[in-house]
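The structure under discussion appears below in the form of structure tokens.
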Amino acid sequence: MAVPPSQNRSLARRLFGRWEASDVAPLVSLAVLVVFFALVAPGFLKPATVVQVLKQGSVLAIVSVGLTFVLLCAEIDLAVGMLALWTACLCGFLFQRPFAAGPSGAGAAPAWAVVVAIAVPLATSLLLGLTSGLLTVWSRLPSFIISLAMMNIADGMSRWLTKSENLNVPSILKTIGNRGIEITNRFELSYSALLAAAVFIVGHVVLQHTRFGRYVYMTGGNREAARLAGVRTGRIVVACLAISAVTAGLGGLVNAGRLNSVSLDQNADLLLSAVACVVLGGTSLFGGSGGMGRTAVGVITFSVLKVGLNQIAWIDDLARPLLMGLVLMVALVVNGLLSKNK
Amino acid sequence: MTAPRPPSDSRRQFLHTAAGAGVGLTALLAGCARQSGATGGDRKPLRAAFSNAGLQSTWCKLGKDTAELWGKLLGVEVVWFDGEFDPQKQRNKIDLIVDDDWDFCCFQAVQTDSLEEPVRQLKKRNIPVMSLDTLLVAPERMREVGVWCEIMPDQVFMGATSTRELMRRINGRGKVIHIGGLSAHSGAQGRRKGFETVVAEFPDVEVVGGGVRWCDWKKQTARDTFDTLLDQTREPIAGAFFHSDDMAIACLPALAGTPHERMFITAVDGQKEGLTAVREGKLAATTVNPVCLIHMTALVLGQFIVRNQEPVDIVPLQIVTPGPLVSLETGNLDAMSYLADPRHCLV
């Protein structure tokens, strides 16, 4: 039976009516990248590439979830990379204490010791995030400044704690970082990607289906209006920075597991990559606009770019960072322009 | 797969190295004894400023530990200035100390030439400066600027030695991966040169991904790159050469469950973690990058120059510290593990 044109239009409006150019732009960037790499990198379109994108993007995804909360309420957390490092360093440090590693340092850690070696560092990252948030609200200084100081504190504590040593981490982290569920003989869904997906889903539910989530958008959209509407904006900022710190810590733990140990050279690029992912997805740096779905697209786009560039053999290796920067810049500018046209 | 016996060169090389180390230690102890005799057993305490690239790296941290350990033994107070892998920060720190009282200084510049001016200032005050690992200035300008001696490993040799062992393991054919350090680092370029020189002798060897992949010494970057390269082919990749043990060890878990599980991996550094990985059979071999020897030699040389009042003309412009290949078959694993032990800091 033919559908009348008026019904067709209303169906289209129902399906796509809420979509705007700024919503579609990140997906267009991703599609263009996929087509580009499919053309220039033989073997790009295969399951192994998807496995790599998920594997290499999972740490970034976990950290980006927390950062999305912070950016949505118009703040920034510059400490995510160093908080990730701190959490992993403390985990490695605790894991090598006699209570976990035994007196000789080579014993099999009991389950409770592994839990302590993972939970305590995460709790400290939560505390550091709360501290950043409370100081931001109390001092009325921009979170940019406070988190800059926190970045240095976390970096300094990591150096002091590890004394530049490589530290071992619990084997459960190594399993999460390196293993997965084999779907087919060529497609393995990594545990880290599953964990990232779980964090994304929790983040999405909190943002879209709770009062707290609505308050985050209100605080970022217009803080004064939110305050006049009865939202305790200070508490929202503190909570968002705390969430960001915990996800950063979790990302740091997964990363240390993937790399088999923790050392001070890890997570240095995590902050900028995570910010790039969130913004690539279309979340506004000025707050109030964006969401987890967008961040997911941003993370996938960023990972596709990284994996795709590595697959092109004919590029001079020294030109890869330049290409990465150029493509990122184009994608961000296009997203920005489309958002302005909204 | 049964690997063939190593060439007798490896054993000879190890014996030479061990003999060299023995001669060096004897000379050191003899020098100290002579000095004690000359001063009636009362050595004048010395003060030395040290700086290397950045203590975030285990290599540099081990260098610091070495200098401090041997400083205590030789009566030299070592004051450390962390380069923080930032030429500007390192320069700022060294600029601040050029007017202080030092008997000698030992610097590994984060970037060649970045410390030229402070070294000139130290030269004006007749303070000997030793260059560690990375060139402070170009070799032809060393003495003019005020660098007494450059103590460095043979980067090309280290790259070539590990690569030759890799070629031996894979019988000179198949696909290999080449993961590099920082392209701007002279040491990484030397290792690349060593790798490429050896691989050029084997026409049946193909480098996956078109050549070296620079990963800036970062484990994360190395792992991402390695993962992607592994997925380029289902045909087993025969081997991989890494510019550092740290990067190699971070990539080992990527092999599990892939067609490349039997891949041979060689690397460079040969310190605690690398030697442990060799012992556990995870790394096929590693070539020692003698961080302790470099820092110890600089310290020992500095105190000789000062205590013996040696003129610059008799000090060699360059000292190349030896670094042997270590594998389960070379027979030097236990010795190297002992020498590399942080309690001894000897290699």
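Keep in mind it's a predicted model, so treat the numbers as computed, not measured. Chain A is the first sequence line, chain B the second, and so forth, proteins listed ahead of strands; every chain is numbered from 1. Excluded from the calculations below are hydrogen atoms, water molecules and symmetry mates; all remaining heavy atoms, backbone and side chain alike, are included.
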I'd like to know if [X] and [Y] make a salt bridge, using a cut-off of under 4.0 Å between side-chain N and carboxylate O.
X	Y	value
A/Lys163	B/Asp65	no
A/Asp265	B/Lys218	no
A/Lys306	B/Asp227	no

Proximity breakdown for [X] and chain B, heavy-atom pairs closer than 4.5 Å:
X	value
A/Arg258	both
A/Asp316	neither
A/Gln311	both
A/Ile312	backbone

- Between B/Glu273 and A/Ser261, is any side-chain donor less than 3.5 angstrom from a side-chain acceptor? no
- Query: Does the side chain of B/Arg223 pick up a donor-acceptor pair with the side chain of A/Asn260 at under 3.5 Å?
  - Reply: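 Short answer, no.
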Taking side chain as everything from C-beta outward and backbone as N, CA, C, O, which of these in [X] sits under 4.5 Å from a heavy atom of chain A? Side chain, backbone, both or neither.
X	result
B/Val212	backbone
B/Leu230	neither
B/Asp216	neither

Quick one: [atom1] on [X] to [atom2] on [Y], what's the gap to the nearest 0.5 Å?
X	Y	atom1	atom2	result
A/Leu264	B/Leu55	CG	CG	9.5 Å
B/Leu252	A/Leu259	CG	CG	11.5 Å
B/Glu84	A/Asp155	CD	CG	8.5 Å

- Query: What's the verdict on side chain to side chain donor-acceptor pair (under 3.5 Å) for A/Asn166 and B/Lys219, showing C-alpha distance, side-chain angles and the deciding distance?
  - Reply: CA-CA 12 Å; A/Asn166 243 340; B/Lys219 291 191 282 190; 3.2 Å; yes
- Message: Please identify, among B/Gly210, B/Cys60, B/Ala250, B/Gly180, the residue contributing the most non-hydrogen atom pairs under 4.5 Å to chain A.
- Response: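 Of B/Gly210, B/Cys60, B/Ala250, B/Gly180, B/Ala250 has the most heavy-atom pairs under 4.5 Å with chain A.
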Just checking [X]: does its [atom1] atom have more than 12 heavy atoms from other residues, nucleotides or ligands closer to it than 6.0 angstrom?
X	atom1	result
A/Lys174	NZ	yes
B/Lys93	NZ	yes
B/Arg343	CZ	no
A/Ile315	CD1	yes

- Task: Output the option from A/Lys55, A/Glu188, A/Gln266, A/Arg320 having the highest count of non-hydrogen pairs under 4.5 Å with chain B.
- Result: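 Max contact count across the listed options: A/Arg320.
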- Query: Does A/Lys46 reach the main-chain N or O of B/Asp231 with its side chain, forming a donor-acceptor pair under 3.5 Å?
  - Reply: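 Looks like yes, one N/O pair under 3.5 Å.
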- Item | Whether B/Arg213 side chain and A/Asn310 backbone form a donor-acceptor pair below 3.5 Å |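 Answer holds: yes.
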- Message: Any heavy-atom pair between the side chains of A/Gln56 and B/Gln220 that's under 4.5 Å?
- Response: no
- Smallest separation among heavy atoms of A/Ser164 and B/Ser57, with atom names: CB-O, 4.4 Å
